[in-house]
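Letters A, B, ... are given to chains in the order of the sequence lines, protein chains preceding strands, and every chain is numbered from 1. None of these values were measured; they are calculated from a predicted model. Every heavy atom of this structure was used, including side-chain atoms; hydrogens, water molecules and symmetry mates were not.
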Amino acid sequence: MPELPEVQTVVNSLVKPLSGRKITSISAHWPKVFDNFHPDTLFKKQSQLKIITVFRRAKFIIIQLEDSILAVHLRMTGKLYISEESILPKHTSALIKLDKKMNLIFEDVRKFGRIYFFKNLDIINTRHGIEPLSDMFQIKIFQKILLSKKRNIKALLLDQSIVVGLGNIYVDESLWMSGIHPNSLSYLIPKLKIKRLHQSIIIILTEAIESKGTTIIDFSVNGQSGKYSSKLSVYGRKNDQCLNCKSRIIKLRICGRGTYVCNICQQKYLKK
DNA sequence: AGGCGTTCCTGGGGGC
DNA sequence: TGCCCCCAGGAACGCC
């Protein structure tokens, strides 16, 4: 499932080939793929749309046009890539045609992915929190947030309005690395552990981007699988030995998600 | 405020 | 082999 490192990997693969290109048409192959607009409306005043650049905000791939943006969210199984093939894949959700006969294909088996059209980032920014790999992600701010909320720590980390980019895999990895049980309450976690969690999030996301993401389930760029899956410490390792203490990794259900935990290494902070 | 269930989807795996 | 059922989950939404 694409999280921050996977989305960043897609962006990195698209920024050079797409910058300066022109979109000549946009069509839906799955009717619901365009969430808040109809593509025909974009071509009423102009026959083509110039792409300025591509970047990431939260888990969105932002295609910057001259005075607007296309925001692509991959959700669970979305893939966005350039193709010169004339035959479209079975699960194509949208086809974005470019000049020089190139296609930008949005392929999505489970059809959760969406494309949005906005004038700017305002709407996305109001609903989304801090970028964990930016200067805004400061230990003091993170501590203040965790201590001010009486929330399950896994739920809090998955909440995109607080810190963006983390999903089920990297939340489990970050909590394991910092020795915090995912069923802990945020305001009861000691400051030292919050500091470790802050560091773990940065380290894990950075290393995952360097490995071009995790290939659990469906993620790949240009058919190339991410390499982070071999570096996962707890996620998907039910009954395997904990890399730290050799006890068995267990699988729980927390926040409605499959959650992997080492009960020995990860301390639970709950009110007795 | 925050937890929880529901919805959207399809492919894959387990059970028989 | 084949069929049925359940599970995977990001995010929005409604309810308590």
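Residue-level contact check: Asn152(A) touches the backbone only, with heavy atoms under 4.0 Å from sugar-phosphate atoms and none from bases. Contacts of Lys90(A) with the nucleic acid, taken as non-hydrogen atoms under 4.0 Å apart, involve only primed sugar atoms and P, OP1 or OP2. Residue contacts shown for Gln160(A) are limited to sugar-phosphate atoms, with no base heavy atom under 4.0 Å away. Among the heavy atoms of the strands lying under 4.0 Å from Arg151(A) are primed sugar atoms or P, OP1, OP2 only; no base atom is included. As judged by a 4.0 angstrom heavy-atom cut-off over every strand, Gly256(A) is placed among residues making no nucleic acid contact.
Proximity of Tyr116(A) to the phosphate of dA11(C): no side-chain N or O atom is located under 4.0 Å from OP1 or OP2. Between Arg253(A) and dC7(C), a side-chain N or O to OP1/OP2 separation shorter than 4.0 Å is absent.
The side chain to side chain donor-acceptor pair (under 3.5 Å) check on Asn12(A) picks up Gln8(A), with sequence neighbours excluded. With sequence neighbours excluded, no residue forms a side chain to side chain donor-acceptor pair (under 3.5 Å) with Asn120(A). For Asp172(A), the salt bridge (charged side-chain N to carboxylate O under 4.0 Å, His left out) test picks out Lys154(A), with sequence neighbours left out. With sequence neighbours excluded, the residues forming a ring pair (Phe, Tyr, Trp, His ring centres under 6.0 Å) with Phe117(A) are Phe37(A), listed by chain and number. In this structure Ser83(A) satisfies the side chain to side chain donor-acceptor pair (under 3.5 Å) test with no other residue, sequence neighbours excluded.
Contact annotation: the side chain of Lys271(A) approaches that of Leu188(A) to within less than 4.5 Å [non-hydrogen atoms, C-beta and beyond].
For residues 116-137 of chain A, the set of pairs meeting the salt bridge (charged side-chain N to carboxylate O under 4.0 Å, His left out) definition, not counting sequence neighbours, comprises Arg56(A)-Glu131(A), Arg57(A)-Glu131(A). Under the ring pair (Phe, Tyr, Trp, His ring centres under 6.0 Å) criterion, the residue pairs touching residues 241-262 of chain A are Tyr235(A)-Tyr260(A), with sequence neighbours excluded. Judged as a ring pair (Phe, Tyr, Trp, His ring centres under 6.0 Å), the pairs with a partner in residues 51-77 of chain A (not counting sequence neighbours) are, in order, Phe60(A)-His73(A), Phe60(A)-Tyr116(A), Phe60(A)-His128(A). Residue pairs that meet the salt bridge (charged side-chain N to carboxylate O under 4.0 Å, His left out) test with at least one member in residues 89-100 of chain A, sequence neighbours left out, are Arg21(A)-Asp99(A).
Distance Lys32(A) NZ to dA11(C) C1': 15 Å, rounded to the nearest Å. Distance, Tyr170(A) OH to dG9(C) C1': 15 Å, rounded to whole Å. The separation between Ile169(A) atom CD1 and dA8(C) atom P is 13 Å, rounded to whole Å. If you measure from atom NZ of Lys154(A) to atom C1' of dG10(C), you get 12 Å, rounded to the nearest angstrom. If you take CD1 of Ile124(A) and C1' of dG10(C), they are 15 Å apart, rounded to a whole angstrom. One atom, CD of Glu6(A), and another, C1' of dG10(C), lie 13 Å apart when rounded to the nearest Å. If you take CG of Leu166(A) and P of dA11(C), they are 10 Å apart, rounded to a whole angstrom. In this entry the distance linking CD of Glu3(A) with P of dA8(C) reads 16 Å, nearest Å.
A donor-acceptor pair is defined here as one N or O able to donate and one able to accept, closer than 3.5 Å; such a pair exists between the side chain of Arg253(A) and the backbone of Gly256(A).
For Glu84(A), the CD atom sits in a loose shell: 12 or fewer heavy atoms of surrounding residues, nucleotides or ligands are nearer than 6.0 Å.
Both geometric conditions, a ring-centre gap below 5.5 Å and a plane tilt below 30°, are not fulfilled together for Phe112(A) over the base of dA11(C).
For the side-chain contact (heavy atoms from CB on, under 4.5 Å) with Ile139(A), the lone residue among Lys195(A), Lys144(A), Lys191(A) that qualifies is Lys195(A).
Protein chain A contacts DNA chain B from dG2(B) to dG11(B), reading 5' to 3' and using non-hydrogen atoms of the protein with a distance under 4.0 Å.
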What nitrogen or oxygen pairs link the protein and nucleotides 13-15 of chain C at under 3.5 Å?
none

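Side-chain to base pairing of Arg110(A) with dA8(C): one donor and one acceptor N or O lie within less than 3.5 Å of each other.
When each of Arg114(A) and Ala155(A) is assigned the nucleotide of DNA chain B with its nearest heavy atom, Ala155(A) is the one assigned upstream, toward the 5' end.
One axis for each end of the helix from dG2(B)-dC16(C) to dC16(B)-dG2(C), each built from five base pairs, and the angle between them comes to 50° at 10° resolution.
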